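Labels below follow one simple rule: chain letters A, B, ... track the order of the sequence lines, proteins then strands, and each chain is numbered from 1. Just so you know, these numbers come straight off a predicted model, no measurement behind them.
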Amino acid sequence: MIAELFIIFIGVVLVNNFVLARFLGLCPYIGVSRDLKSALGMGLAVVFVMTMASAVTWVIYYYLLAPTPHNVWFLLWGDGVDPSAFDFSYLRTIAFILVIAALVQLVEMVITKTSPALYRALGIYLPLITTNCAVLGVTVLNIDIFFKAGEPLAGSFIKCLVQGFGAGIGFTLALVLMASIRERLDLADIPPALKGAPIAFIIAALMSMAFLGFTGLI
Amino acid sequence: MIRQFTKGIFQRNPVFVLLLGLCPTLAVSTSVGNAIGMGAAATFVLVFSNLIVSLLRKLVPNKIRIPCYIVVIATFVTLVELVLEAYLPDLNASLGLFVPLIVVNCIILGRAEAFASRNAPLVSVVDGLGMGVGFTLALTVLGTIREISGSNTLLGLELIPNFSPAMIMILPPGAFLTIGLLLGLFALLRSRREKGGVSPAGEGS
C-alpha cells in the first residue's frame, strides 16, 4: 500500500507533472511566476485547495452521485428500484466546480485574516484558483482513475488524497522553478520581441523536456 | 456589430493577445482534428453562456455573480459532454479530461464577466461567436504546425513518404516551444508595424 501510494505521488509530481506534462494550470504558471515569494504562496494555496477538494469530491461522488447501493438518494427513496436509477454522475462537473469555488472562498478568508501581505502578493490570482484547471482536473482524474463504474477501487480515498496533494506539490515545484529562472532572466539580454511571455514559454519547453527524462521512473 | 465579431479574431485574439485559455490550447493542439473539435465545443459553450448571462444580467445580485456564471457555464459544458459521449466517442476520447475542463476555460468566464454581464443579448452572442472563432483559429494554427512537424500528417493524411518527423513537437515540449516562438513572432510583427508607422528610421524599441 505504502509503495503504491509512493508511486502515485512520484508519478504525479515528476512523471506526469500537472503543468509540464499535462498542461494544467498554465495561466497562474505564466502569470504568477515573476517572483519567488508569490510563486511559493500561490503554490501552497493550491496544494491546500487540491488536497481538500480531492477529499470532498470523493465523498460527494461516492455518496451523492455514483449509481451504487451507497448512494444516499437510493437509501432514502430507492425501495425496490435498481440503484442505476439514481445515476447522477453527469452532474459531476457542476458539483465539483461548486465545491472548489466554496473551498477557494474559505482559503481566501483565512489568508486575508492571517497574512495580509500574502493576500496582497497573490492579488487577483487567489480567486482565480477557482478557474485553475489543475484543481478541477485533479478531482476529475481522481474519479476517472480510482472509480470503476461508480464503485471505488481498494484504498481509493487515500489514493485520491495522495494524488491531490502530489499534484499540488508538482504544481508548486514547476512554479517555483520557473519563478527562480525568471528572476535571473530579468538581467539577461533577450531579444525584445521575446521578452515576457514568449521567453517564459520557451523556458517551459526546456523544463518540460527535462521532465520527460523522468518518464521511465515508474 | 461586425467589429464586435472581428475583434475577437484579431486585435483581441483570446489566445495570442490576451493569453487566456492556454491549457486546452496547448494540450489539444497535437492534431488539426482535435483542435477544431475543441474549438467548436468551446465556441458553443461561449455563445450560449454569453446569451444566458446577458439575459440574466439584471437579475443576478452582484455579490454572487461569479458562482452564478460558473453554474451557467457548467450546464452547457455538461450538455457538450453528453453530446460528445453519445455521438462522437472518438473525439471525446482524444480530448479526454479537457472536455469537462471547458468549465474553467478562462476565456468563457472572462467574457461572461467582462462583456456579457454589461451588454445586450444580441451583442453578447456576437462577441461570444467572435471570441470562439478566434480561439478555434489559434488552436488550428498551433494544431497545423504541430501535426505537420510532429507526425508528418495533416488531418490524418501522410504528407511526405518515408520521412521521420520530429516526435518532440507532439510531446509537451513542442507545444510550449511552438506557442513561445509564435508569440515572439507576433510581438516582432507588432513592433515592426508600430515602428513603421511612427518613426521610419526604426531606432530603439
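Between atom CD1 of residue A/Ile30 and atom CD1 of residue B/Ile179 there is a gap of 9.0 Å, rounded to the nearest 0.5 Å. Between B/Leu181 atom CG and A/Leu194 atom CG the span is 7.5 Å, to the nearest 0.5 Å. Residue A/Ile202 holds its CD1 atom at 10.0 Å from OG1 of B/Thr178, rounded to the nearest 0.5 Å. Rounding to the nearest 0.5 Å places CD1 of B/Ile102 at 11.5 Å from CG of A/Leu136. Summarising the geometry, atom CZ belonging to A/Arg22 is positioned 11.0 Å from atom CG belonging to B/Leu101; distances are rounded to the nearest 0.5 Å.
The parts of B/Thr75 that come within reach of chain A are both its backbone and its side chain, each placing non-hydrogen atoms under 4.5 angstrom from that chain. Heavy-atom distances place the side chain of A/Leu212, and not its backbone, under 4.5 Å from chain B. Proximity to chain A is absent for every atom of B/Glu85, based on heavy atoms less than 4.5 angstrom apart. Of the two parts of B/Ile168, only the side chain, counted from C-beta on, holds a non-hydrogen atom closer than 4.5 Å to a non-hydrogen atom of chain A. For A/Leu98, the part lying near chain B is the side chain, with the backbone staying farther off; criterion is any non-hydrogen pair under 4.5 Å. The contact between B/Leu177 and chain A is made by backbone and side chain atoms together, counting heavy-atom distances below 4.5 Å. If you measure heavy-atom distances from A/Ile94 to chain B, the contacts under 4.5 Å come from both the backbone and the side chain. Using a 4.5 Å cut-off between heavy atoms, B/Leu82 contacts chain A through its side chain alone, with no backbone atom that close. When heavy atoms are compared at a cutoff of 4.5 Å, A/Val135 does not approach chain B at all. In this structure, the portion of A/Arg92 lying under 4.5 Å from any heavy atom of chain B is its side chain and not its backbone.
Contact count versus chain A (heavy atoms, under 4.5 Å) is highest, among B/Gly184, B/Pro67, B/Ala187, B/Gly96, for B/Gly184. Taking chain B as the reference chain and counting heavy-atom pairs below 4.5 Å, the highest number among A/Gly196, A/Cys133, A/Ala101 is found for A/Cys133. Between chain A and the residues B/Pro24, B/Cys106, B/Ala74, the most heavy-atom pairs under 4.5 angstrom are made by B/Ala74. The residue among B/Pro172, B/Pro100, B/Ala27 with the most heavy atom pairs within less than 4.5 Å of chain A is B/Pro172.
The environment of OH in B/Tyr69 is crowded: more than 12 heavy-atom neighbours from other residues, nucleotides or ligands sit within 6.0 Å. Within a 6.0 Å sphere centred on CZ of A/Phe165, other residues, nucleotides and ligands contribute 12 heavy atoms or fewer. Around OH of A/Tyr63, the count of heavy atoms belonging to other residues, nucleotides or ligands within 6.0 Å does not exceed 12.
The minimum heavy-atom distance between A/Leu26 and B/Phe176, with the atom names listed, is CD2-CE2, 3.7 Å. Of all heavy-atom pairs spanning B/Gly180 and A/Pro198, the tightest one is O-CB, 3.5 Å.
Proximity of A/Phe201 to B/Leu183: side-chain heavy atoms (C-beta onward) are separated by under 4.5 Å at one or more points. In this structure the side chain of B/Leu97 reaches within 4.5 angstrom of the side chain of A/Leu24, judged on heavy atoms. At a threshold of 4.5 Å between non-hydrogen side-chain atoms, the residues B/Leu79 and A/Tyr90 do not count as touching.
B/Phe98 has its ring centre no less than 6.0 Å from the ring centre of A/Phe23.
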(request) Decide side chain to side chain contact (heavy atoms under 4.5 Å, CB included) for A/Leu91 and B/Thr78; before the verdict, give the C-alpha distance in whole Å, the side-chain angles of both, and the deciding distance to 0.1 Å. (result) CA-CA 7 Å; A/Leu91 288 176; B/Thr78 307; 5.7 Å; no
